[in-house]
Amino acid sequence: MKYDNDNRKFNKDTLRYWKIQEKHIMRSEDTKTLLRELSYIKDLILKTDEPLSKHTSFQLGGNADYFCVVQNLEQLKRLFNICSQKYNTFILGNGTNILFSDEGYRGVVIKLSGEFKKIEVLSEVIRAGSSVSLASLLKNALTNELSGLEFAWGIPGTLGGSIIGNAGAFGSEICNLMKNLKICDFKGEIYEILPEKIDFGYRYCKLPINGLILEADLLLRKSSGGRIENKMKKNIEWRKKHQPLKAKTAGCIFKNPGYVSAAKLIESVGLKGKVINGARFSPKHANFIENFNNAKSRDVYELIQLAKETVYKKFGIVLETEINLVGF
Ligand SMILES: Cc1cc2nc3c(=O)[nH]c(=O)nc-3n(C[C@H](O)[C@H](O)[C@H](O)COP(=O)(O)OP(=O)(O)OC[C@H]3O[C@@H](n4cnc5c(N)ncnc54)[C@H](O)[C@@H]3O)c2cc1C
């Protein structure tokens, strides 16, 4: 078994992470050049050493070298032009499905705002920028008496993040509403993509082109405001009853492996409520991990590893994470 400087065990993923990091470690002259180039992008909001804990629902994660809030397509293209060949880049939505490591992110984290928050209603189609929150989208659908999105009431992500993870609940998924997708690749080329060209699965989406989602058209159907509101209320009541909505979490940690729920498996191996330092498997829903007392990302990661190992030993089932682990 190998150990890193902090005496942590290496597994395949951490080894891969360190290899990526080595490739992209910035020399001080790179940093200066990058800073100078980024500062030429008009009105770009640029922060250095930005704590990722401020941008994630877990409220965990070390610092990002660079954190850019992009307001429009022009800025985005310039940013890609500067970064995509030389530096790591990461697109962040609302950070509600992510665990960044305590070491943070060596590179540029990009968050979309400004024109990427636009919503337009065209008859039964809602066209929305990828950084629109699902909550705003739903409020808009309700005002326009458009039904189909009610399942997403209570999912705290953005439209972009929900497409990448094919977010779903109560038997529905975002992919069922997709009509069209606009993507920008890392060279700044724009593509319109029809849903049949996208490989969607359970909490999974593979785009035919590697890039960033700019906006999407969702096809809804006319209904009555009362009916839509009732469904939304029912769904949020269910969530309040079954999920730790007030805790710092990232939703379900693991995908359900087929016929059995991950929560049931975690309970069966006695890990519901299990604590490692400031993190614990939620006493309310075993497939949620809560940062309940100044946890470190590493505490969450160790709980994840523990559940994987214990469930595999007892049932021979491999749990796959639903959340994105970055830097482990
Ligand atoms: C209390 C709670 C309940 C939840 N319930 C559910 C649920 O019922 N169902 C469900 O599916 N999920 C649920 N989630 C998880 C999460 O909210 C969803 O997965 C959400 O869609 C993630 O969106 P985000 O904007 O936060 O994405 P982030 O966490 O910021 O990012 C997720 C991934 O998407 C990528 N990404 C984000 N934006 C873009 C973009 N514009 N272009 C390309 N890539 C992008 C990121 O790089 C990352 O890989 C829950 C989370 C919480 C905290």
Side-chain angles (χ1 to χ4, degrees), residues 52 55-61 64 70 73 76 80 88-100 105 107-113 115-117 128-138 149-176 181-186 191 193 198 200-207 209-216 235-236 238-240 242-256 261-263 282 284-285 287-291 300 321-327:
L52 289 163
H55 302 279
T56 58
S57 52
F58 260 138
Q59 294 184 23
L60 291 175
V70 175
L73 190 56
L76 184 69
F80 280 166
N88 289 325
T89 52
F90 189 88
I91 325 290
L92 186 64
N94 276 347
T96 64
N97 201 26
I98 280 195
L99 178 67
F100 283 107
Y105 189 76
V108 184
V109 172
I110 299 171
K111 192 165 164 84
L112 302 180
S113 188
E115 72 178 38
F116 303 102
K117 281 192 178 293
S130 65
S131 72
V132 169
S133 70
L134 289 176
S136 308
L137 213 52
L138 259 138
L149 264 170
E150 297 87 317
F151 74 89
W153 191 229
I155 302 181
T158 59
L159 178 60
S162 74
I163 294 169
I164 287 294
N166 191 19
F170 308 108
S172 301
E173 293 171 319
I174 196 90
C175 67
N176 302 133
L181 202 60
K182 208 191 240 183
I183 291 178
C184 180
D185 75 7
F186 296 109
Y191 299 85
I193 297 176
I198 305 171
F200 280 115
Y202 166 51
R203 302 295 176 271
Y204 168 87
C205 159
K206 174 102 180 71
L207 300 172
I209 291 149
N210 217 356
L212 175 151
I213 297 170
L214 295 172
E215 69 174 33
N235 290 350
I236 203 71
W238 187 92
R239 281 183 189 274
K240 280 184 189 159
H242 297 282
Q243 298 180 347
L245 296 189
K246 289 193 177 136
K248 296 167 202 163
T249 75
C252 284
I253 294 291
F254 298 107
K255 296 183 183 184
N256 292 323
S261 80
S282 171
K284 194 164 182 182
H285 188 308
N287 196 17
F288 279 58
I289 292 180
E290 300 174 3
N291 165 10
V300 175
T321 47
E322 181 172 323
I323 64 165
N324 295 264
L325 300 173
V326 186

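These numbers were taken from a predicted model, which means no experiment stands behind them. Whatever order the structure lists them in is the order used to number ligands and atoms, beginning at 1. What you see below is based on every heavy atom in this structure, not just the backbone, and it leaves out hydrogens, waters and symmetry mates. Position 1 is the first residue of the sequence, and the numbers go up from there.
Environment of NZ in Lys182: sparse, with no more than 12 heavy atoms of neighbouring residues, nucleotides or ligands closer than 6.0 Å.
The ligand atoms of ligand 1 that sit less than 4.0 angstrom from a heavy atom of Pro156 are 2 (C), 3 (C), 4 (C), 17 (O), 50 (C), 51 (C), 52 (C), 53 (C). For ligand 1 and Ala169, the ligand atoms under 4.0 Å from any heavy atom of the residue are 8 (O). Close approach of ligand 1 to Asn324 (heavy-atom distance below 4.0 Å) involves ligand atoms 32 (C), 33 (C), 49 (O). The atoms of ligand 1 that sit less than 4.0 Å from any heavy atom of Gly160 are 38 (N), 39 (C), 41 (N). Near Ser130, with a cut-off below 4.0 Å to any heavy atom, the atoms of ligand 1 are 41 (N).
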message: Between Asn256 and Ser261, is the side-chain contact (heavy atoms from CB on, under 4.5 Å) condition met? List the steps.
response: CA-CA 5 Å; Asn256 292 323; Ser261 80; 3.7 Å; yes
message: Would Asn94 and Lys111 count as a side-chain contact (heavy atoms from CB on, under 4.5 Å) here? Give the steps.
response: CA-CA 9 Å; Asn94 276 347; Lys111 192 165 164 84; 3.8 Å; yes
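Between Ser57 and ligand 1, no pair of N/O atoms sits closer than 3.5 Å. Considering backbone and side-chain atoms alike, Thr96 places an N or O below 3.5 Å from some N or O of ligand 1. For the pair Gly93 and ligand 1, the shortest N or O to N or O distance falls below 3.5 Å. Remark: ligand 1 and Ile213 share an N or O pair separated by less than 3.5 Å (distance only, no angle test). For ligand 1, the polar-atom distance check against Leu134 finds no nitrogen or oxygen pair separated by under 3.5 Å. For Thr249, no nitrogen or oxygen atom sits less than 3.5 Å from a nitrogen or oxygen atom of ligand 1, counting backbone and side chain alike. Not a single N or O atom of Leu92, backbone or side chain, sits closer than 3.5 Å to an N or O atom of ligand 1. The distance criterion of under 3.5 Å between nitrogen or oxygen atoms is met by Arg203 with respect to ligand 1.
In this structure, OG1 on Thr249 lies 10.0 Å from NE2 on His285, to the nearest 0.5 angstrom. The structure places CD of Glu215 at 10.0 Å from CG of Leu73, a figure rounded to the nearest 0.5 Å.
Counting only heavy atoms from C-beta outward, the side chains of Leu212 and Leu112 approach each other to under 4.5 Å.
Ranking protein heavy atoms by distance to atom 27 (O) of ligand 1, first place goes to Gly161 CA, 3.6 Å. Summary of contacts: the protein heavy atom closest to atom 28 (P) of ligand 1 is Gly95 N, 3.7 Å. Scanning the protein heavy atoms around atom 31 (O) of ligand 1, the nearest turns out to be Ile98 CD1, 3.8 Å. Atom 47 (O) of ligand 1 has Ile91 O, 2.6 Å as its closest protein atom, hydrogens excluded (heavy atom only). If you check which protein heavy atom lies closest to atom 25 (O) of ligand 1, you get Thr158 OG1, 2.6 Å. If you check which protein heavy atom lies closest to atom 5 (N) of ligand 1, you get Arg239 NH1, 3.2 Å. At the shortest separation from atom 53 (C) of ligand 1 among protein heavy atoms lies Gly251 N, 3.4 Å. At the top of the distance list for atom 24 (P) of ligand 1, counting protein heavy atoms only, stands Asn94 N, 3.5 Å.
Across Ile164, Ile155, Asn97, Leu112, heavy-atom proximity to atom 45 (C) of ligand 1 is greatest for Ile164. Of the listed residues (Ser162, Ala247, Gly157), the one carrying the non-hydrogen atom nearest atom 21 (O) of ligand 1 is Ser162.
Assignment of Gly168 to the shell around ligand 1 is supported, since a heavy atom sits closer than 4.0 Å. Every heavy atom of Glu173 sits 4.0 Å or more from the atoms of ligand 1.
Contacts of Ala250 with ligand 1, taken as heavy-atom pairs under 4.0 Å, involve the backbone alone.
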